[in-house]
Amino acid sequence: MGKIIVIGSASIDLVVQTEILPEAGETVMGSSFFTNPGGKGANQAVAAARLSNEVYMIGAVGDDDNGKHILSNLEQNNVNTTYMDIIKNEKSGTAHITLFDDDNRIIVVPASNNYVTAESVLPKLKNFSAGDIIVMQHEIPESTIQAVVDYAIDHGMKVILNPAPYRKLDKAIIDKVTWLTPNETESELLFDYQVDDALKAYPHKLIVTKGASGAMYYSDSQQLVEGYKKQVIDTTGAGDTFNGALAVALIENKPLEQAVAFANLAGSYSVTGLGAQGAMPYRKDLE
Ligand code: RIB
């Protein structure tokens, strides 16, 4: 079977839970604080590795305690970290998360994640081959994504691009990736037209996630693969779990409908516990 290679961010999440959201200039009391490993790339790698073997992460941490924590967490979760760089005199990425009213607000400070450059990533890709699936997101430089997509096309590798958080995306990249997985908001920002028209323009490629309602793509007609409703504790990382699980199902050659259903199921589990990776499921949970 092919390998899954996640190229992306690895960070530490600093999470505050609060009953009141402060206005500008206001101070409020929060109800709890915790830290845990996060970063969309690392979350996707962990989600995939809990569901399959042979998951690699290409990324970068700083030479600080957070970096050590990020690497040991990836290893504990069966993610191969051979191709993770440690950047001297740099901090590891952090994400500053406020949990309020069943949703999250996130500010990311990329730090070491800015070093996930084309120059550092492309030589590592020589260790992988046609049929392998690369998963990327938008917390690393856009130039890296462009270069990796071109490399993947030249070498018969497939690419899932999760365009989160939103930033402008070249149409050429959209054309070249194998699958693009925005949520509804990101899809509306990416395309000048309605989600329905975007789906039709990119059949079997554009997969738009709708949280607990499921995910949509276009085959001969518009398809909605229903989601699963679970009691929400924390939605952080649900999209990442969807993408990691989707990569697993696609590397196993599941047809798209089954792959999306599998990813929906995994994503629904992830909201049932605190933290981005706290409730990501293992294979036995989904069976
Ligand atoms: O998608 C959730 C992730 O986004 C968090 O873990 C945080 O690190 C941010 O990057």
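When a ligand or atom number is given, it counts from 1 through the structure's own listing order.
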Kindly say whether [Y] contributes a backbone atom to a donor-acceptor pair with the side chain of [X] at under 3.5 angstrom?
X      : Y      : answer
Thr144 : Val116 : yes
Thr81  : Leu71  : no
Glu139 : Lys40  : yes
Tyr218 : Asp220 : yes

Which of the atoms in ligand 1, numbered in the order shown and given with their element, are less than 4.0 Å from a heavy-atom of [X]?
X      : value
Gly38  : 6 (O), 8 (O)
Ala276 : 6 (O)
Val108 : 10 (O)
Lys40  : 1 (O), 2 (C), 3 (C), 4 (O), 10 (O)

**Asked** Among side-chain atoms of Asp240 and Gln44, is any donor-acceptor pair under 3.5 angstrom?
**Response** yes

**Message:** Once you measure the plane-to-plane angle for Tyr151 and His155, does it fall in the parallel (<30°), tilted (30-60°) or perpendicular (>60°) bin?
**Reply:** parallel

Note the single closest protein heavy atom to [atom], along with its residue, its atom name and the distance in Å.
atom                   : result
atom 8 (O) of ligand 1 : Asp13 OD1, 2.6 Å
atom 3 (C) of ligand 1 : Asn43 ND2, 3.6 Å
atom 2 (C) of ligand 1 : Asp240 OD2, 3.3 Å

**Message:** Any heavy atom of Gly39 closer to ligand 1 than 4.0 angstrom?
**Reply:** yes

**Message:** Which option wins on minimum heavy-atom distance to atom 10 (O) of ligand 1: His96, Glu139, His138?
**Reply:** Glu139

**Item:** Working for side chain to side chain donor-acceptor pair (under 3.5 Å), residues Asn104 and Thr236
**Value:** CA-CA 7 Å; Asn104 58 53; Thr236 311; 3.1 Å; yes

